[in-house]
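Proteins get letters first, then strands, A, B, ... in listed order; numbering begins at 1 in each.
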There are 2 protein chains.
Amino acid sequence: MSVEVQAKAGKTRLRLWLKLLKTSNAVETALRDRLRTEFGTTLPRFDVMAALDRSPEGLKMSELSRRLRVSNGNVTGIVDRLEAEGHAERHAVAGDRRAMEVRLTGKGRGHFATLAAAHESWVNELMGAITEAEAVRIMEDLDTVARDLEEKR
Amino acid sequence: MSVEVQAKAGKTRLRLWLKLLKTSNAVETALRDRLRTEFGTTLPRFDVMAALDRSPEGLKMSELSRRLRVSNGNVTGIVDRLEAEGHAERHAVAGDRRAMEVRLTGKGRGHFATLAAAHESWVNELMGAITEAEAVRIMEDLDTVARDLEEKR
DNA sequence: CAAATATATTTTAAGCTTGAAATGAATCGG
DNA sequence: CCGATTCATTTCAAGCTTAAAATATATTTG
């Protein structure tokens with residue numbers, strides 16, 4: 001491939017990245033706004049609750065931060081707030097006094113069900129311009145990027 | 001369209017959103033890490049410098065925050081830091097004593113040229129799994145989403 | 001002109017995020 | 001068993017981000 005064609009592909013990828021970023025920021029901002037104004041909560045709290053909802057048996061703090069790909073210290077603060085709201089609880093782990101298991105409370109589980117339904121319908125509305133066929137195709141392309149990134153990490 | 005088909009399309013859009021978010025977070029994190037470790041700077045500072053570089057005549061604070069789609073207070077802090085580093089300068093605006101015009105310094109312009117070259121090559125590397133043809137196609141799809149979002153704001 | 005309103009910016013409080021340091025507990029090699 | 005190392009978590013300092021309040025200036029309107 002010629003140097004010119006390479007450079008052109010590079011510029012196209014840069015434009016794609018800027019558009020990807022702009023679009024995902026716009027969707028994310030809309031979701032944050034609605035979580036805040038309609039439910040008085042935040043996306044980080046929603047993300048933690050979503051992870052906990054999928055593991056009713058509870059998750060260790062480190063497992064939570066690994067799954068969400070955020071730092072340990074970050075999860076500490078978010079779980080602190082969920083706990084203060086009565087949506088999550090920390091429990092000692094039998095056999096390892098260093099570790100803490102986090103679970104949704106009954107209240108947290110009910111609250112999350114409401115949030116998740118609203119979230120799904122919002123995403124569907126915000127991304128409504130994309131047909132199912134296009135969605136499948138874009139996902140396949142993004143998968144190649146994600147896998148590529150995963151490898152080089 | 002039947003209720004079932006609608007629900008299926010909705011789930012597909014939700015999965016697309018999650019993948020879009022995951023991919024753009026992964027790319028963004030890689031860019032942040034490299035800006036930090038290789039140049040001791042941040043993505044917000046890079047974004048502000050990029051906007052200023054495109055407007056050598058300077059931009060008012062409010063124009064800067066409008067273009068970057070962030071709050072005024074946010075820009076205040078970032079420009080404070082760029083100014084402390086000697087990469088940007090605030091100037092009074094003739095005829096409006098409320099306003100401030102921000103410009104890159106010579107040093108800032110030179111620094112940004114280095115950053116921008118590295119940034120472009122990083123993006124090209126990180127998104128290398130996408131061919132130019134795929135990139136063009138995805139951009140078209142994202143454009144419909146972005147336009148749609150723009151309208152409903 | 002004076003009062004009300006609008007605009008440009010900064011400040012503030014709260015939350016999110018990170019990397020690095022600190023703490024306490026478990027494990028491993030000798 | 002003991003010292004070193006690893007591991008789980010929290011704490012800390014710094015920066016980013018927002019919405020809302022505060023400040024200062026400009027514009028509009030009665």
task: Take atom CG of A:Leu64 and atom C1' of D:dC7, then tell me their distance rounded to the nearest Å.
output: 17 Å

Length of the CZ-C1' vector between A:Arg98 and C:dA26, whole Å: 4 Å

query: Closest to the A:Ala99 side chain: C:dG15, D:dT9, D:dT10?
result: D:dT9

query: Is B:Ser62 touching bases, backbone alone, or none of the nucleic acid, heavy atoms closer than 4.0 Å?
result: sugar-phosphate

- request: Following the transitive rule for hydrophobic clusters with a side-chain heavy-atom cut-off under 4.5 Å over Ile, Leu, Val, Met, Phe, Trp and Tyr, establish whether A:Val93 and A:Val79 coincide in one cluster.
  value: no

message: From CD of A:Glu28 over to C1' of C:dT17, roughly how many Å is that when rounded to an integer?
response: 13 Å

statement: Rounded to whole Å, CZ of B:Phe46 lies from C1' of D:dG15 at a distance of 18 Å

- request: Check whether any side-chain heavy atom of A:Ser55 lies under 4.5 Å from a side-chain heavy atom of A:Arg67, and answer yes or no.
  value: yes

message: Expressed as a whole number of angstroms, how long is the span from B:Lys60:NZ to D:dT25:P?
response: 16 Å

statement: Per atom distances to the A:Pro44 side chain, the nearest of C:dT17, D:dG15, C:dT7 is C:dT17

message: Output the rounded distance in Å from CG (A:Leu43) to P (D:dT18).
response: 14 Å

- request: Give the cluster check for B:Val145 versus A:Val136: same hydrophobic cluster or not, with ILVMFWY residues linked at side-chain heavy-atom distances below 4.5 Å.
  value: no

message: Between A:Arg90 and D:dT10, is there a contact of a side-chain N or O with OP1 or OP2 at under 4.0 Å?
response: yes

task: Measure the distance from CG on A:Asn74 to C1' on D:dG15 and round it to the nearest whole Å.
output: 14 Å

Heavy-atom side-chain contact between B:Arg103 and B:Leu52 under 4.5 Å: no

- request: Choose from D:dT9, D:dA19, C:dT17 the nucleotide whose nearest atom is closest to any side-chain atom of A:Ile78.
  value: C:dT17

message: Need one value for A:Arg66: base, sugar-phosphate or nothing, where a base atom within 4.0 Å counts as base even if backbone is also close, heavy atoms only.
response: nothing

- prompt: Do A:Glu134 and B:Arg137 meet the salt-bridge criterion of a basic N to acidic O distance under 4.0 Å?
  reply: no

field: Nearest-nucleotide comparison on DNA chain C, the residue closer to the 5′ end among A:Arg97 and B:Asp80
entry: B:Asp80

- request: Find the distance B:Asn72:CG to D:dT23:P and express it as a whole number of Å.
  value: 17 Å

- prompt: Base, sugar-phosphate alone, or nothing: which one does A:Val93 contact when heavy atoms must sit under 4.0 Å apart?
  reply: nothing

message: By nearest atom, which of the nucleotides D:dA8, D:dA26, D:dA19 is closest to the B:Asp96 side chain?
response: D:dA26

- line: Closest to the 5' end of DNA chain C, once A:Arg32 and B:Glu101 are matched to their nearest nucleotides, is B:Glu101

task: Could you check whether B:Val70 gets within reach of a base, just the sugar-phosphate, or nothing at all, counting any heavy atom under 4.0 Å?
output: sugar-phosphate

